[in-house]
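Letters A, B, ... are given to chains in the order of the sequence lines, protein chains preceding strands, and every chain is numbered from 1. Not measured: the values here are computed from a predicted model.
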Amino acid sequence: MKGDRLDALAERLFQAARDERPDAALQRRVREQGAGELARGDAPPASGARSATRKARRGGAAPWLATAAVLSAAAAAFLFLGERTLQREPEVHISAEARSPAKSPARAPEAASPSSLPAQPSEPRQAPAPSVEPSPHEALPHTPATPAKRPRAQSAAPATTAPVQSAPRMPLADQLALLKQARALLRSGQSAEAIAVLDRYGAQGGTDLRDEALLLRIEALAAQGQSAAAAELARHFASKHPDSPLAERARRLGGLR
Amino acid sequence: MSSASGWPDPNSSERTPASAPAAAPTPSPADPQRLDDLVQTEVDFVWRVLRRVGLSRPDADDAAQQVFLVASRRLPELAAGKERSFLYGTALRIAANLRRGLRRRRESPEEDLPEQREPSEEQPDELLERRRARAFLDELLAQLPEELRRVLVLAEIEQLTLAAIAELEHIPPGTAASRLRRAREAFRRLLQAEEHRNPFQRGEP
C-alpha cells in the first residue's frame with residue numbers, strides 16, 4: 001500500500017533525525033562554561049553602562065564611546081529587563097571580525113611580562129528576576145541591535161598577554177565564534193595564532209566566556225613551550241576560583257598536576 | 001499564527017492556557033550539580049531542536065552554548081521541573097535571532113566539516129545516506145507552518161507525549177493534538193509530492 005510505504009519512509013527520515021547527536025566536545029564546553037558562570041557569580045553591566053552613557057553625552061567624549069555606551073546599555077537592558085524594553089528585537093550578530101583576522105582595537109599599553117593577566121571588567125550583581133518562572137521571551141544573550149563601532153587598533157600586544165578590556169561588550173555569538181576559531185587553531189598546532197585570536201577576544205570586549213578563553217590561553221602557552229607562563233596563569237586562575245571545576249583543568253593544562 | 005520569532009502567539013485564535021499558574025513553583029538554588037545534570041540530560045534535546053529549526057551543526061553548537069549560558073544565569077530562579085520548558089523556549093528564540101542574522105548577511109549555510117561529524121562505526125555510505133535523509137527531512141519541515149513543524153518535531157523526533165508537547169508549546173493538550181494531526185497530514189502530503197527524491201536509494205523502506 002502506498003500509505004504504508006509513505007509511513008515507512010517518514011519513519012526512516014524521523015529515525016535519521018533522532019540518531020543525530022552533537023559532537024561530544026559540545027557537552028564538555030557547555031558544562032565548563034556553566035560551571036565557570038556559577039563559580040564566578042558575576043553579572044553583566046547594568047547601571048554602570050547607563051552612567052557611562054550619560055557621561056559620554058555630557059562630556060564631549062569621542063563619538064565611538066557614546067555609541068559603545070549606548071549599545072552596552074541597550075544590551076544590558078535587554079538582558080535583564082526582557083525584550084519588551086527595546087522597540088526592536090536585538091539580533092544575534094556574528095561580525096566579520098569574528099570570522100577573519102581583524103584590526104584589534106585601540107588599547108592602553110600592555111605590560112610585556114608573561115605574568116600580566118587579562119583585566120576583568122567589573123560587573124554589577126544581577127538584579128533578581130520579578131517572577132519565579134522566567135518567561136522564554138526574556139533573558140537572551142547580549143545582542144546589540146546594530147554592530148558596535150570598535151576603535152581602531154594599536155600595534156599588537158605581546159602574544160603572552162591579553163589587552164586590557166575597555167571595549168564595549170562583544171555579542172555572545174561573536175565571542176563563541178572567536179573562541180571556536182582559537183580552539184581550531186590550537187588543535188591544528190597554530191598556538192601563536194590562537195593566542196592572537198584570544199588577545200582579540202579580550203580586546204574586543206569578550207567577557208562571558210573569559211574562563212574558557214583563559215584556559216585556551218594556558219593550553220596555547222604550554223603548547224608553545226612557555227611552561228612558566230602557562231603555570232603562572234594556571235596558578236592565578238586556581239587561586240581566584242579555588243572551588244571551580246575549571247581550576248583542576250587549569251592546573252592540568254598549566255602543568256601543575 | 002505564531003509570532004515572528006516562532007514562539008506561539010498569545011493572540012492566536014487557538015485557545016491558550018492562562019498566562020500564569022495558580023501557584024508559582026518553588027525555585028531551586030544555583031547548584032552546580034543541578035546545572036551539570038541539566039546539561040547531561042538536555043543538551044542533546046536542545047541541540048536537536050536547534051538543528052530541526054534549520055541551524056547547521058556549527059550554528060547549533062553555538063546556539064546551544066548560548067542557551068545553556070542563559071540557563072546557568074537563570075538557574076536560581078528556574079523552578080524544578082520547568083527546566084526543559086525554559087530551555088526549549090530560549091532555544092527557539094536564539095535560533096530565530098540567529099537565522100535572521102544569517103539571512104541578513106546572506107551567508108551560505110556552513111557545510112558540515114568532517115571533524116564535526118560524530119564519530120561512528122557506520123560505513124561512509126550509511127553516514128552519507130543518513131545525512132541526505134536529514135537534509136531531505138529539513139527541506140520538508142521547512143515547508144510546514146512553524147507551529148506545525150514544532151509539534152511534529154517534538155512528537156515524531158523527540159517522541160514526546162501530547163501532554164509534554166502542550167507544556168513546551170504553552171498550549172492546551174487539545175490544541176496540541178489538533179496541531180499534530182494537521183502537521184502529520186501536511187507532512188504526508190509533502191512527502192507524497194517529493195517521494196521521488198527518496199534519499200534511501202538502496203531498496204524501498
**Message:** So, taking the atom named CZ in B/R197 and the one named CG in A/L9, what distance separates them when rounded to the nearest 0.5 Å?
**Reply:** 11.5 Å
**Asked** If you tally heavy-atom pairs under 4.5 Å against chain A, which of B/V43, B/D44, B/L152, B/L87 wins?
**Response** B/D44
**Message:** Between B/F68 and chain A, with a heavy-atom cut-off of 4.5 Å, which part of the residue counts as in contact: side chain, backbone, both or neither?
**Reply:** both
**Request:** Apply side-chain hydrogen bond (donor to acceptor under 3.5 Å, both in side chains) to A/Q15 and B/R130, showing your working.
**Result:** CA-CA 9 Å; A/Q15 186 61 52; B/R130 286 181 182 274; over 6 Å; no
**Request:** Against chain A, label B/R52 side chain, backbone, both or neither, depending on which of its atoms sit under 4.5 Å from a heavy atom there.
**Result:** side chain
**Asked** What part of B/Q40 is in contact with chain A, defined as an atom under 4.5 angstrom from a non-hydrogen atom: side chain, backbone, both or neither?
**Response** both
**Asked** Would you call B/R134 and A/E20 a salt bridge, using N to O less than 4.0 angstrom?
**Response** yes
**Request:** Among B/L191, B/D138, B/L141, find the one that has a side-chain contact (heavy atoms from CB on, under 4.5 Å) with A/L13.
**Result:** B/L191
**Item:** chain A contact via B/L140 - side chain, backbone, both or neither, heavy atoms under 4.5 Å
**Value:** side chain
**Prompt:** Atom CG in A/D208, atom CD in B/Q65: separation rounded to 0.5 Å?
**Reply:** 11.0 Å
**Prompt:** Distance from B/L137 atom CG to A/R12 atom CZ, nearest 0.5 Å?
**Reply:** 13.5 Å
**Asked** Non-hydrogen atoms of chain B under 4.5 Å away: do they reach the side chain of A/E212, the backbone, both or neither?
**Response** side chain
**Message:** For chain A, which candidate among B/V153, B/I157, B/V39 shows the most heavy-atom pairs at distances under 4.5 Å?
**Reply:** B/I157
**Item:** Non-hydrogen atoms of A/G34 and B/S72 that approach each other most closely
**Value:** CA-CB, 4.1 Å
**Message:** Taking A/D7 first and then B/R188, would you say they form a salt bridge - that is, a charged N and a carboxylate O separated by under 4.0 Å?
**Reply:** yes
**Asked** What distance do A/L209 atom CG and B/L69 atom CG have between them, rounded to the nearest 0.5 Å?
**Response** 6.5 Å
**Prompt:** For the atom pair CD (B/E42) and CD (A/Q27), what is the distance rounded to the nearest 0.5 Å?
**Reply:** 11.0 Å
**Message:** What verdict does the salt bridge (Lys or Arg N to Asp or Glu O under 4.0 Å) test give for A/D23 and B/R57, after you've listed the backbone C-alpha separation in whole Å, the side-chain angles of each residue and the deciding distance to 0.1 Å?
**Reply:** CA-CA 9 Å; A/D23 187 77; B/R57 286 184 70 103; 5.6 Å; no
**Request:** Please name the residue in the list B/D59, B/D61, B/D62 that meets the salt bridge (Lys or Arg N to Asp or Glu O under 4.0 Å) test with A/K180.
**Result:** B/D62
**Request:** Could you walk me through whether A/R18 and B/E158 pass side-chain contact (heavy atoms from CB on, under 4.5 Å), step by step?
**Result:** CA-CA 7 Å; A/R18 285 181 215 123; B/E158 299 305 322; over 6 Å; no
